[in-house]
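So the structure is just underneath, and the comments pick up after that.
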Amino acid sequence: MTHLDFSVNVDHVATLRNARGGTFPCPVEAARIAVEAGADGVTMHLREDRRHIRDRDVERVRAEIAAPLNFEMAATEEMVAFAERIRPPYCCLVPEKRAELTTEGGLDVLRPGPFLKQAIARLRLAGVRVSIFIEADPAQIEAAAALGAQAIELHTGTYAEGPVEHRAAQLARLKAGAAAAKAAGLLCHAGHGLNYDTVADIARMPEVTEVSIGHFLISQSVFEGLGATVRRFRAIMDAARNI
Ligand SMILES: CC(=O)[C@@H](O)[C@H](O)COP(=O)(O)O
Ligand SMILES: NCC(=O)COP(=O)(O)O
């Protein structure tokens, strides 16, 4: 099977940095170490409330890290204008609620807000490849393609964080979503909640071309080191793909 792109989400390096209001640990340095250790890209989620990643973090990774930046953003005027200015190669449109601890599900493109279609058109015009963070629902995935998305990212949180006895059913749902993405001509990515135990079954899906991993990876790095954790994920993915 082909190489699986691995994008490391450095949001929670910024969570730790912001805990004391200083400059350490630096998410840009984390991005550099992750890429040196084998990551193919870097994911950053600039939330409206700036609870972790700040604007300057995104600007610096875009300018200083050669690997592609996957910019996660809500479909708002503020974030589209920011993306038009820094022009990341990739973006992923995600739902956002200030009250949430983390992303709780996929963007509902069957009931899109009034701005979503315009946001996708403007981002594509700016040369940004547009992905949508989405549930593994064929109707949602077909709607994402109709709106002009070039990729989708399957929300793996229910699979990865749910009861182990539900994993087989959740994997079947994700596999159906990956097949629907392929049928719709969309690139298929996956992410949210993945760890050492759950990433391999996602990596075994041939339609999935990229995974993004953050919270578990950054947390595990506290015990194992960032480079070693990235290398361990890389080895698990390559073994799953028989590379
Ligand atoms: C969309 C997704 O699942 C994550 O990439 C997102 O970044 C989660 O938000 P937090 O990083 O704020 O937990
Ligand atoms: N899009 C998913 C991502 O970037 C990381 O999600 P998580 O591993 O922090 O849950």
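Every number for a ligand or one of its atoms is a count from 1 in the order of the listing.
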Looking at D55 and R50, is there a salt bridge between them, counting it only when a charged N and a carboxylate O are closer than 4.0 Å? yes
Could you see which bit of E72 sits under 4.0 Å from ligand 2, with heavy atoms only: side chain, backbone, both or neither? side chain
Atom 3 (O) of ligand 1: nearest protein contact (heavy atom, Å): H192 ND1, 2.4 Å
Backbone or side-chain N or O of G191 under 3.5 Å from ligand 2 N or O: no
Taking 4.0 angstrom as the limit and counting only heavy atoms of N9, give me the atoms of ligand 2 inside it, by number and element. 3 (C), 4 (O), 5 (C)
Under 4.0 Å from any heavy atom of G214, which atoms of ligand 2 are there? 5 (C), 7 (P), 8 (O), 9 (O)
Which atoms from ligand 1 have a heavy atom of V94 less than 4.0 Å away? 1 (C)
Determine, for R204 against D201, whether the closest basic-nitrogen to carboxylate-oxygen distance falls under 4.0 angstrom. yes
At a 4.0 Å cut-off, with the gap strictly under it, does some heavy atom of H52 reach an atom of ligand 1? yes
Salt bridge present between R56 and E59 (N-O < 4.0 angstrom): yes
Note: ligand 1 atoms sitting under 4.0 Å from heavy atoms of H12 are 10 (P), 11 (O), 13 (O)
Lys/Arg N to Asp/Glu carboxylate O, K97 vs E48, below 4.0 Å: no
Does any part of the side chain of V42, heavy atoms only, come nearer than 4.5 Å to the side chain of V10, both counted from C-beta? yes
I'd like to check which ligand 1 atoms, numbered from 1 as shown, lie under 4.0 Å from a non-hydrogen atom of D11. 7 (O), 10 (P), 11 (O)
Counting both backbone and side chain atoms, is some N or O of S212 under 3.5 Å from an N or O of ligand 2? yes
Ring pair (Phe, Tyr, Trp, His ring centres under 6.0 Å) pairs, two or more places apart, involving residues 138-158: F133-H155, H155-H192
Regarding D40 and R234, does a basic nitrogen lie under 4.0 Å from an acidic carboxylate oxygen? yes
Any idea which atoms of ligand 2 are less than 4.0 Å away from a heavy-atom of G193? 7 (P), 8 (O), 10 (O)
Per-atom filter on ligand 2: closer than 4.0 angstrom to a heavy atom of T43 are 4 (O)
Do R32 and E64 sit within salt-bridge range, that is, some charged N less than 4.0 Å from a carboxylate O? no
Are any of the N or O atoms of E153 closer than 3.5 Å to those of ligand 2? yes
Can you check whether L194 has an N/O within less than 3.5 Å of an N/O in ligand 2? no
Need the ligand 1 atom indices (1-based, order shown) with element for anything under 4.0 Å from a heavy-atom of T102. 8 (C), 9 (O), 10 (P), 13 (O)
Would you mind checking which non-hydrogen protein atom is closest to atom 1 (C) of ligand 1, with the distance to 0.1 Å? T103 OG1, 3.5 Å
Heavy-atom contact under 4.0 Å between H215 and ligand 1? no
For N9, the ligand 1 atoms whose distance to one of its heavy atoms is below 4.0 Å: 5 (O), 7 (O)
Contacts of P114 that satisfy side-chain contact (heavy atoms from CB on, under 4.5 Å) - sequence neighbours left out: none
Looking at D49 and R51, does any basic side-chain N land under 4.0 Å from a carboxylate oxygen? yes
At under 4.0 Å between heavy atoms, what of H155 touches ligand 1? The answer is neither
Ligand 1 and H45, any nitrogen or oxygen pair closer than 3.5 angstrom? yes
Provide, to 0.1 Å, the distance between atom 5 (O) of ligand 1 and the closest protein heavy atom, together with that atom's residue and name. E72 OE1, 2.6 Å
Should the pair D108-R111 be classified as a salt bridge under the 4.0 Å nitrogen-to-oxygen rule? yes
Using a 4.0 Å cutoff against the non-hydrogen atoms of H215, which atoms of ligand 2 qualify? 7 (P), 8 (O), 9 (O)
E207 with K175: basic N within carboxylate O range, under 4.0 Å: no
Aromatic plane relationship, Y196 with F216 - under 30° parallel, 30 to 60° tilted, over 60° perpendicular: perpendicular
Would you check if M73 and V94 make a side-chain contact, meaning some heavy-atom pair closer than 4.5 Å? no
Students should be able to answer this: which protein heavy-atom is nearest to atom 6 (O) of ligand 2, and at what distance? H192 CA, 3.6 Å
